[in-house]
Amino acid sequence: MVGLPTVYSPNCYHFRISYIYTSLLFTYERGILFAISLVFAIPVAILGMVLDNIPAMADMMQNTELWRGMSVDSFILWVLATPVQLFLCWGFYVNSYKALRHLSANMDLLVALGTVTAYLTSCATIVVHTAIPQFQVQLYFDSSVLLVTFVLLGRLLENLAKRKTVDAITNLLKLKADTATLLEEVVDEEGDHNMLSEKDIPVELLQKGDIIKIVPGEQIPADGVVVFGNSTVDESMLTGEALPVARSIGDEVIGATINKEGLLHVRVTGVGSDTALARIVQLVEEAQGQKAPIQAVADKISRVFVPTIILIALLTFVVWLVLGLTGVVPSSWIPSGSNAVLFAVLFGLPVLVIACPCALGLATPTAVMVGTGVGAKKGILIKGGAALQTARRVSAVIFDKTGTLTLGKPSVTASRLFADGLDEAAFFRLIGAAESGSEHPLGRAIYEAAKERLFVDRWDPPEEFKAEPGKGLGCTVDGSRVLIGNRAWLVDNDIDDLPEEMESFAAELEEEGQTCVMVAIDNKVAGCLGIADTLKPEASAVVARLKKMGIGVWMVTGDNRRTAEAIAKSVGITNVLAEVLPGNKASKVLELQKEHHHVVAMVVSMVPFLTCCLPLMHN
């Protein structure tokens, strides 16, 4: 049955797209606020820190009177600081009010108190100076403006780092299929239910239990279980497996992956927020809101720190006020034209100004977010600050082989013929034509090798084509029956008497870490190909660096042990987990955690949008 879409579900894609736009708008607003504050902060910094230290400029600015003793520099600083204090600080005032309303204190309250006190004190000293010319002006406009600017910069950096995560969510949503081919049983005139009707519907209308059809090359619309057909599925965009994986009746398939070769009928088991893609999107979203443990500590300290700073500032003010009023402080200490109250303010105010913002409250979240942002630029998506903090305790790293240690692009590296009277040109002409329409990476490697050797770009399509996922293919080319695949594929086609030379050559290839592909023509063994996935140039250096850091290095792969150990040896890895199915790789991580008490990081294959060190799995 086709049901109604859950358009208003908080986990649906419509909600997430709205969430993305909101996040981008929030980043844009913070960027505008910082840009405006920078317009005022630059001249304030030049006036207060540069020109003030040039004697000629300082004398001219301070001795040029505008009105009743107000100097040019005082007036300019006042004009520049006022818009910052009245408008750019408004967000801090609102957040401070909300905190106080709940009898709490946060860093926004400290920012607001520090900047407001600095601004009002500067204004008060100017006003007092106009009434009492002997009173010396003490200005803190530059402190209030620059503090606001730095805080806005830190929050902008935080949002820019989160923007990387939003971009990842956007790219993930692009993987989702828009339509699905729904299969429904139709009762014929005799009352039988053996007829199927097809109907294209939006993916949002799918429900659990529906049967959908996926043709070769089509994207799988939703998670499900195969009920008919055999094929290979490209799951690299979600699982990191560079090579397609075989799927047959009873196997699970993941939405947003691509059906490569055969026709599949799939019973839907997950729709909407229940799909693997939706869970990944939700995981990425939640990572934005998670705080590193050290940041949580900083927040707890801030709750105590803020009121403590306020009390210390008040205590400082009261102590110096009492000392000034009781005569303990010599009158020569008090500036001419000033009094004990203003003198005490000069001591209490710096306590608020210097403590705002504190390094623990601002630097910790900024460092975490900037760190994750830099990682995102390098193609590494880090699952929140907790994973980043845990990284320092990693004691073992597991590398997936295909697409991680290797490039994920197999190529033919060796070939040998075993049929009498068959030359290399004829051999590659037949297998090139047979693989001309293949989408399997090994098939494409054979096709590209034939093109390079024969300088031919196009072949006539093969006839009577038949493929068995995970084994090989058979077809007819120019009247010759061609079989290409593994040993089991030849045996299935009644070719089980393999020459000793071929068995020996296949063993040599596997010992060198290559995949052996056997070829039979007209039911006779014809030749053998060695196909290898080239190692990445930096693989050996990365492994060596990890070992130097004292971190154990492991490799996990679905290849046979002989091939796996050959590849591992070439990059310097001695710990090999071979013949491991993709679904069992997580269990290998758990084994390392429980049996060897390791904190484990697993590096998976290069994924278009989630190229990453997996969320660090630790005890």
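Every heavy atom of this structure was used, including side-chain atoms; hydrogens, water molecules and symmetry mates were not.
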Intermediate values then yes/no, side chain to side chain contact (heavy atoms under 4.5 Å, CB included), L77 and V44: CA-CA 6 Å; L77 288 173; V44 165; 4.1 Å; yes
Side-chain (D234) to main-chain (I258) donor-acceptor, under 3.5 angstrom: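 Not a single qualifying donor-acceptor pair exists.
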Side chain N575, main chain V553, donor-acceptor under 3.5 Å: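 Pair found, side chain donor or acceptor close to backbone of V553.
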Which pair of non-hydrogen atoms, one from [X] and one from [Y], has the smallest distance, and what is that distance?
X: V39; Y: P43; value: O-CD, 3.0 Å
X: I551; Y: V394; value: CG1-O, 3.8 Å
X: V571; Y: A539; value: CG1-CB, 4.0 Å
X: A344; Y: F317; value: CB-O, 3.4 Å
X: S96; Y: A112; value: OG-CB, 3.6 Å
X: A222; Y: G270; value: CB-O, 3.4 Å

Counterpart residues, side-chain hydrogen bond (donor to acceptor under 3.5 Å, both in side chains), relative to S395 (two or more places apart):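 If we apply the side-chain hydrogen bond (donor to acceptor under 3.5 Å, both in side chains) test to S395, skipping adjacent residues, the hits are H598.
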Contacts of N95 that satisfy side-chain hydrogen bond (donor to acceptor under 3.5 Å, both in side chains) - sequence neighbours left out: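 N95: side-chain hydrogen bond (donor to acceptor under 3.5 Å, both in side chains) contacts with D108.
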Could you tell me the separation between the [atom1] atom of [X] and the [atom2] atom of [Y], rounded to the nearest 0.5 Å?
X: L405; Y: I567; atom1: CG; atom2: CD1; answer: 8.5 Å
X: I398; Y: W554; atom1: CD1; atom2: CH2; answer: 7.5 Å
X: I310; Y: L315; atom1: CD1; atom2: CG; answer: 13.5 Å
X: T406; Y: D400; atom1: OG1; atom2: CG; answer: 8.5 Å
X: L80; Y: I42; atom1: CG; atom2: CD1; answer: 11.5 Å
X: L152; Y: F34; atom1: CG; atom2: CZ; answer: 8.0 Å

Chi angles and distances behind the side chain to side chain contact (heavy atoms under 4.5 Å, CB included) call for F399, L546: CA-CA 12 Å; F399 284 97; L546 289 172; 3.6 Å; yes
Verdict with supporting geometry, V145 and V148, side chain to side chain contact (heavy atoms under 4.5 Å, CB included): CA-CA 5 Å; V145 173; V148 170; over 6 Å; no
Non-hydrogen side-chain atoms of T149 and L38 separated by less than 4.5 Å: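 A side-chain contact exists here, since the closest heavy-atom pair is under 4.5 Å.
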Sub-4.5 Å side-chain heavy-atom contact between V397 and V600: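 With C-beta onward as the side chain, the pair stays apart.
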Could you pull out every donor-acceptor pair under 3.5 Å between side chains of residues 81-93 and any protein atom, sequence neighbours left out?
| residue | atom | partner | partner atom | Å |
| --- | --- | --- | --- | --- |
| T82 | OG1 | W78 | O | 2.7 |
| T82 | OG1 | Y119 | OH | 2.9 |
| Q85 | NE2 | Y93 | OH | 2.9 |
| Q85 | NE2 | T115 | OG1 | 3.2 |
| Y93 | OH | Q85 | O | 2.8 |

